[in-house]
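Accompanying notes for the structure given below.
One-based numbering along the sequence shown. These numbers come from a predicted model, not from an experiment.
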Amino acid sequence: MEWQCTGLRWPEERGGPVLGWRRGREVRGSALAYGAGFGFRAEGERGCSGARGNACPVGAVVPARSTGGRCPECGRLDRAHSVAADTIPDDPRTYRVYLAWFGPGMVKVGITAQERGAARLREQGAVVFSWLGRGPLMAARRAEELLRAALGVPDRIPYAKKRAVRAELPGAAERAGEVAELYGRAAALAALDGGGWPEALERLPFEAVDHAGIFGISGGGGGGGTVRAVTGLVDGGVVAGRLVAAAGPDLHLETGADGVVVVDTRLMTGWALAAAGPEAGVSVPTLGIGGGVSQDGLF
């Protein structure tokens, strides 16, 4: 049985990106380092990545361009246990509400389990974020809905939009300033009698956490000169270069003649991958950054 990729993770204990692998019930992770060579060749067919840590019972084959990487049945099973889908309202854990900034004018409000720390924010590619409050799940969900309406910010942003602005971000002060302004409006709403802020939700102080350094984009760009993104893998297809940055599920590779190419690791899940030298380049389909927004790429 071959090792299959399970995508990119951002463990709280180390902060940097880790590429996950699974073979049967055995799992492992490969820590990635910026500046190092990175390359792989896809082999065979892309299998369903299963659900909730379990393998797909029928071993289904899934489309190369699907960022979900699951067959319909495993997709339904995964959503059946999803906080985002409001299927477990009695979850006893503590949740946190946050504001996440991805680029100028691109801020969302969301919630995450407190035990996960900032891992969820890194998984989404949030360049800057601040906590807003913490409390029970339903109180956090009510606050999320209240702030989405009051601040005029969404709870989802198409991932292709996040990727498109990453190469030309403003400085750290400007990034934090936009989050601070929205936090101030949220705090004013929480302090207002009858403003709708849930009593069970504790308000947290403002602190802008900037991930640009962790992502490797602190020099002022998502890998600098990013022009193309991989749209899907094929049997025998190669993606290789020097890893210069990572954000959310994306790896940014300097490929020489092809410039910086982004590979969304969600497109790698379910494939058996063999090593390829960094000089091998890119032989799979790509699309210019900003060339389209897929509904499959929503967070």
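- The distance between the ring centers of H211 and F129 falls below 6.0 angstrom.
- Residues R120 and T112 bring no donor and acceptor atom of their side chains to less than 3.5 Å of each other.
- The pair E145-R142 does not count as a salt bridge, with every side-chain nitrogen at least 4.0 angstrom from each carboxylate oxygen.
- With respect to the salt-bridge test (charged N to carboxylate O, under 4.0 angstrom), the residues E202 and R134 qualify.
- L251 CG to F40 CZ: the interatomic distance, rounded to the nearest 0.5 Å, is 8.0 Å.
- For R46 and D235, the salt-bridge test fails: no basic side-chain N is under 4.0 Å from an acidic carboxylate O.
- Under the 3.5 Å distance criterion, the side-chain polar atoms of R175 are matched with a main-chain donor or acceptor of P170.
- The two residues L151 and L182 make their nearest non-hydrogen contact at CD1-O, 4.0 Å.
- We find that E123 and R116 are joined by a salt bridge, their nearest charged nitrogen and carboxylate oxygen being less than 4.0 Å apart.
- Heavy atoms only, all atoms of each residue included: L147 and V153 are closest at O-CG2, 4.1 Å.
- With respect to the salt-bridge test (charged N to carboxylate O, under 4.0 angstrom), the residues E43 and R41 qualify.
- Within 6.0 Å of the CD atom in E26, the count of heavy atoms belonging to other residues, nucleotides or ligands exceeds 12.
- Side chain of E254 to backbone of L243: no donor-acceptor contact under 3.5 angstrom is found.
- Minimum interatomic distance between G125 and Y159 (heavy atoms only, all atoms of both residues): CA-OH, 4.4 Å.
- Contact record, A140 with I111: O-CG2, 3.7 Å, taken as the closest heavy-atom pair.
- In summary, the aromatic rings of W131 and Y183 are positioned with their centroids too far apart to meet the 6.0 Å limit.
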For this session: Let me see the working for R166 and D250 under salt bridge (Lys or Arg N to Asp or Glu O under 4.0 Å), right down to the final yes or no.
Result: CA-CA 11 Å; R166 194 179 295 150; D250 287 348; 3.1 Å; yes
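- Among all heavy-atom pairs drawn from A186 and L132, the shortest one is CB-CD2, 3.9 Å.
- The existence of a salt bridge linking D264 and R163 is confirmed by a sub-4.0 Å separation between a basic side-chain nitrogen and an acidic carboxylate oxygen.
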